[in-house]
Protein chains: 2
Amino acid sequence: MAARKPQGDETGYSNLGGSNATGSRAAEPVQTLAETVAERVREKVISGTLTPGSHLSEMVLCEELQVSRNTLREVFRILTKEGLLRYEANRGVFVSTPSMSTIIDIYRVRRFIECSALAQAHPRHPGTQRMRLAVDDAHRCREAGNWLGVGSADISFHSAIVELADSPRLSSFYAHISLELRLVFGLLQDPEFLHGPFIDQNGEILLELEAGRSGAAAEKLEAYLLRAERFILGAYARVAPSA
Amino acid sequence: MAARKPQGDETGYSNLGGSNATGSRAAEPVQTLAETVAERVREKVISGTLTPGSHLSEMVLCEELQVSRNTLREVFRILTKEGLLRYEANRGVFVSTPSMSTIIDIYRVRRFIECSALAQAHPRHPGTQRMRLAVDDAHRCREAGNWLGVGSADISFHSAIVELADSPRLSSFYAHISLELRLVFGLLQDPEFLHGPFIDQNGEILLELEAGRSGAAAEKLEAYLLRAERFILGAYARVAPSA
DNA sequence: TACACAAAAATTGTTCAACACTCTGGACAG
DNA sequence: CTGTCCAGAGTGTTGAACAATTTTTGTGTA
């Protein structure tokens with residue numbers, strides 16, 4: 001019974017674990033059931049369907065996702081390592097709730113990594129094209145009023161910045177950070193208010209880089225990130241004044 | 001039957017997953033069986049008992065470690081995320097084999113992170129004390145001919161550098177990188193030859209920092225890392241000329 | 001009513017046995 | 001020599017079971 005799922009959608013999420021060392025055979029698109037389900041739960045978490053802090057009962061989710069308890073625990077393991085879920089011994093898993101210090105740390109890491117990557121970047125690096133794509137995409141989404149799309153484009157712009165450093169491990173780490181940031185965004189309402197003011201600044205940064213002034217670009221990026229941090233912290237304080 | 005193990009040794013390894021967000025109750029030292037076993041397997045891997053590239057059969061390891069298959073799979077999941085093991089769909093897990101590009105990427109990340117952290121460090125930061133401790137420890141171990149201890153002290157010195165940045169996420173990421181580096185060290189023989197030349201350079205870097213010249217310290221660190229990379233790559237080429 | 005303590009229920013941690021699916025290697029026909 | 005088929009081995013997933021722990025409930029006492 002319970003035949004294997006037809007293995008529908010692929011993740012599009014690069015295999016985080018790093019160290020794809022041998023490289024002998026191409027990374028196969030074969031996905032295990034646990035990974036597929038993890039993808040679904042991840043969506044639920046960052047979309048806000050599963051609210052931060054709430055308890056995830058094993059039995060309930062088994063029923064809901066139509067998988068066995070063992071498989072579900074593998075899913076929990078995956079998402080816990082990604083920082084989206086949190087274990088408490090003998091009490092189960094909870095959706096992790098970003099705190100102020102989480103946000104502060106995320107932006108500290110972002111300034112640390114993105115600014116250095118940008119400062120030492122070569123203007124003709126392929127990552128630049130990906131930055132250009134992201135900026136254009138963001139503008140298109142803004143025209144269409146698709147603010148979730150704007151958010152995705154923003155994240156992909158900054159991921160492209162990190163890729164300027166040409167380090168798979170750094171990029172994979174930054175993917176983690178982005179994921180946590182998405183959790184924060186999910187906690188905050190009003191994506192237009194969140195992402196709207198920052199689209200044009202991305203464009204300016206890119207212009208500086210394309211003109212070969214990577215130093216100036218890095219400075220603008222740092223200012224951008226400091227402003228964004230204050231912005232997010234303010235919005236957070238309004239939503240969860242206690243924490 | 002199969003009574004629960006008395007849960008003997010604790011890891012001492014900080015909980016990597018990041019995002020210990022709520023912080024409501026103190027992080028309990030309670031360790032799940034899987035984590036305990038993971039610790040043991042991790043030791044086997046970085047000590048070289050399990051040689052890189054070798055296949056880990058589930059049944060064999062179940063027998064050897066006296067745990068069930070499900071628990072062992074959780075262990076595999078943990079160590080895969082850490083980069084020590086590698087999955088191949090329907091073929092099982094293998095000890096991941098660091099390649100040249102792995103080493104290059106590790107050192108790229110190290111230069112990227114450590115140098116920035118050091119450059120913007122405050123000399124009175126508590127991390128400085130931990131650096132001092134590590135340097136002294138390394139000297140003690142060298143006197144005693146304990147070269148494995150020297151290696152540990154070296155890693156702890158550089159971890160302390162990263163902690164200067166005051167970012168839990170960055171430190172946890174660096175712990176991953178260190179782990180992979182240990183794997184490389186395990187592949188290479190002759191730890192005296194590996195670590196011996198670098199003890200004094202750590203001391204010099206620390207001296208610069210303590211004197212308030214963090215810029216000079218960062219420069220020395222970068223030179224150190226470039227030299228170490230060439231050194232490691234050379235040793236690697238001698239051990240595995242094919243890859 | 002308020003509080004401490006013990007029994008019961010619910011939930012998680014771990015194991016086991018079974019079966020489906022995939023990969024590998026060899027036998028065999030052409 | 002090449003391609004196909006088949007059995008064996010190993011992984012992927014499931015459902016049920018029991019142990020350990022937490023949470024809830026119930027009870028008696030001041």
Side-chain angles (χ1 to χ4, degrees), chain A residues 1-8 10-11 15 22 24-41 53-81 85-95, chain B residues 1-8 10-11 15 22 24-41 53-80 85-96:
Chain A
M1 247 136 271
R4 182 174 289 201
K5 279 275 176 54
Q7 199 115 315
E10 70 291 318
T11 142
N15 182 16
T22 54
S24 51
R25 43 191 88 198
E28 326 185 9
V30 182
Q31 219 180 204
T32 177
L33 212 209
E35 289 170 49
T36 310
V37 175
E39 179 69 13
R40 267 206 287 166
V41 177
S54 62
H55 179 229
L56 299 187
S57 159
E58 294 189 347
M59 282 192 308
V60 173
L61 270 187
C62 282
E63 187 67 22
E64 199 172 317
L65 299 168
Q66 288 294 304
V67 295
S68 80
R69 234 178 109 216
N70 283 318
T71 304
L72 186 67
R73 295 179 116 260
E74 285 215 4
V75 173
F76 284 166
R77 213 11 114 206
I78 293 173
L79 297 178
T80 299
K81 278 288 164 193
L85 267 36
R86 174 174 47 88
Y87 254 97
E88 271 179 45
N90 292 313
R91 283 173 42 80
V93 298
F94 301 77
V95 180
Chain B
M1 250 134 273
R4 180 175 291 200
K5 278 275 177 56
Q7 198 117 316
E10 71 292 317
T11 146
N15 181 18
T22 54
S24 51
R25 44 191 88 195
E28 328 186 6
V30 183
Q31 216 181 206
T32 175
L33 213 207
E35 288 172 45
T36 311
V37 175
E39 179 69 14
R40 268 206 285 166
V41 177
S54 61
H55 179 225
L56 299 187
S57 161
E58 292 188 349
M59 283 193 305
V60 172
L61 270 187
C62 281
E63 186 67 23
E64 198 171 316
L65 299 169
Q66 289 294 308
V67 295
S68 81
R69 244 178 99 212
N70 285 319
T71 304
L72 187 65
R73 294 176 115 261
E74 287 210 358
V75 172
F76 284 165
R77 190 63 78 187
I78 294 173
L79 297 179
T80 299
L85 266 36
R86 175 173 47 88
Y87 254 98
E88 271 179 46
N90 292 312
R91 283 174 42 77
V93 298
F94 301 77
V95 180
S96 64

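Since the model is a prediction, treat every value here as computed from it, not as a measurement. Residue numbering restarts at 1 for every chain, and letters A, B, ... go by the order of the sequence lines.
A cation-pi contact, defined as under 6.0 Å to the ring centre and within 45° of the axis, links A:R77 to A:Y87.
Of the candidate nucleotides D:dT13, C:dG13, C:dT15, D:dT13 has the atom lying nearest to any side-chain atom of B:R69. Of the candidate nucleotides C:dT15, C:dT12, D:dG12, C:dT15 has the atom lying nearest to any side-chain atom of B:S68. Taking only side-chain atoms of A:R73, from C-beta outward, the nucleotide of D:dG12, D:dT14, C:dT12 with the closest atom is C:dT12. Among the nucleotides C:dT22, D:dT14, C:dG13, the one closest to any side-chain atom of A:Y87 is C:dG13. The side chain of A:N70 lies closest to D:dA16, out of C:dC23, C:dG13, D:dA16.
For B:T71 and C:dG13, the shortest distance from a side-chain N or O to OP1 or OP2 is not below 4.0 Å. Taking only side-chain nitrogens and oxygens, B:H55 comes nearer than 4.0 Å to OP1 or OP2 of D:dT11.
Going from atom CG of B:N90 over to atom P of C:dC19 covers 20 Å, rounded to whole Å. One can place CE of B:M59 at 13 Å from P of C:dA17, the figure rounded to the nearest angstrom. To the nearest angstrom, P of C:dT14 lies 13 Å from CG of B:L72.
Between A:T32 and A:T36, the closest side-chain pair of non-hydrogen atoms is not below 4.5 Å.
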Taking only nitrogen or oxygen atoms into account, show me every contact under 3.5 Å that the protein makes with nucleotides 4-9 of chain D, one pair per line with its distance.
none

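A:E35 CD to A:L33 CG: the interatomic distance, rounded to the nearest 0.5 Å, is 10.0 Å.
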